[in-house]
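Below is one structure, written out as structure tokens; comments come after it.
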Amino acid sequence: LDTVRRVHQTEGFRGFYRGFIPPLFGSMAYRGVLFSAYSGTYSMCEGVPILREPIPLTGGLRPSVLLAALAAAVARASIESPLDFIKVRYMIGKNVQDTTSAANGASTSAMSSARSFAASPFKSIGHLYHGFVPTLWRTIGLLGSFFVMVDYSVRYIPEVVNAPTIGPFFKGGVCATAAWAIAFPFESVKSRIQADTTGKYKQLRGATWKVMFELYRERGIVKGLYRGFGPGAGRSFLANGVSMSVYS
């Protein structure tokens with residue numbers, strides 16, 4: 001609530017929509033791609049006998065579900081990571097620019113950014129993928145948990161999942177939010193790495209795990225690794241629940 005008041009006082013209502021455009025267009029792409037990747041991989045795996053056999057002691061979970069979730073995670077993270085990087089930089093009021101320039105306090109105009117990209121496109125693309133590793137780990141945990149929960153729900157509580165109105169909201173709201181609870185520490189790590197404009201984590205080997213340990217050491221599990229989970233869970237429950245219902 002303090003954050004809500006501060007944003008409203010300093011930026012007004014528009015401040016709540018800072019960084020809105022990248023996730024708007026990005027979600028159109030990565031949500032479609034992730035379900036396509038999941039469906040395609042799942043269909044191929046179901047054609048292989050060993051992959052459609054239930055894993056022992058899992059209550060009927062099949063390898064095809066896990067492999068399809070992994071494919072969906074890679075597809076989503078590949079599209080979402082650079083868009084999330086841009087979104088985070090806009091949210092904190094920083095230009096999307098080279099880390100060295102940011103550390104020196106230099107600003108980058110749109111024209112100079114275009115010239116920089118034309119001069120070294122691979123370096124520029126690499127810069128946009130800053131934070132890709134924690135994004136990938138987060139997405140694997142998120143989608144892996146989500147699709148496993150949906151798979152169990154379809155088999156064990158079909159009357160809930162197949163209900164016309166409640167079913168889609170249950171999958172999008174309850175299952176997705178529970179999956180976020182599992183993957184959220186990587187979301188915290190990703191956000192810290194992408195928000196860093198000093199270059200502290202740019203070339204750090206194993207940055208994902210070192211930042212996670214740093215957050216845990218500084219603030220603990222709840223205030224460090226799960227900082228911001230309240231609004232994140234609220235967003236997930238409403239946004240995913242409503243979107244699945246509207247889609248259905």
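We're numbering straight along the sequence, starting at 1. Only heavy atoms go into these numbers, but all of them, side chains included; no hydrogens, no water, no symmetry mates.
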Test item: side-chain donor near acceptor, Arg62 and Tyr42, under 3.5 Å: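 Yes.
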Quick one: list whatever passes side chain to side chain donor-acceptor pair (under 3.5 Å) with [X], sequence neighbours left out.
X      : answer
Glu214 : Arg192, Tyr201
Arg155 : Asp151
Asn240 : Ser236

Option from Arg138, Lys190, Lys87 for which salt bridge (Lys or Arg N to Asp or Glu O under 4.0 Å) with Glu80 holds: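 Exactly one option meets the salt bridge (Lys or Arg N to Asp or Glu O under 4.0 Å) with Glu80, and it is Arg138.
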Qualifying ring-ring contact (aromatic ring centres under 6.0 Å, His included) pairs with a residue from residues 158-183, counting only residues at least two apart or across chains: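 Every pair satisfying ring-ring contact (aromatic ring centres under 6.0 Å, His included) with a residue in residues 158-183: Phe169-Phe237.
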With a 4.5 Å cut-off on side-chain heavy atoms, are [Y] and [X] touching?
X      : Y      : answer
Tyr38  : Val65  : yes
Glu53  : Pro49  : no
Leu142 : Phe146 : no

Pairwise salt bridge (charged side-chain N to carboxylate O under 4.0 Å, His left out) hits with a residue in residues 9-30, at least two apart: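 Qualifying pairs: Glu11-Arg18.
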Tyr226 and Phe184 aromatic ring geometry - parallel, tilted or perpendicular at 30°/60° bounds: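 Correct class here is parallel.
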Plane angle bin for His130 and His127 - parallel if under 30°, tilted between 30 and 60°, otherwise perpendicular: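 His127 vs His130 ring planes: parallel.
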Those residues that, when tested against Phe13, pass ring-ring contact (aromatic ring centres under 6.0 Å, His included) (two or more places apart):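 Phe13: ring-ring contact (aromatic ring centres under 6.0 Å, His included) contacts with Tyr17.
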Ala37 to Ala72 - nearest heavy-atom pair and separation: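 Heavy-atom minimum between the residues: CB-CA, 4.0 Å.
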Interatomic distance, Phe147 atom CZ to Leu66 atom CG [nearest 0.5 angstrom]: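 Result: 12.0 Å between the selected atoms.
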Aromatic contact, Phe132 with Trp137 (centres under 6.0 Å):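 Here the rings of Trp137 and Phe132 have centres that are no less than 6.0 Å from each other.
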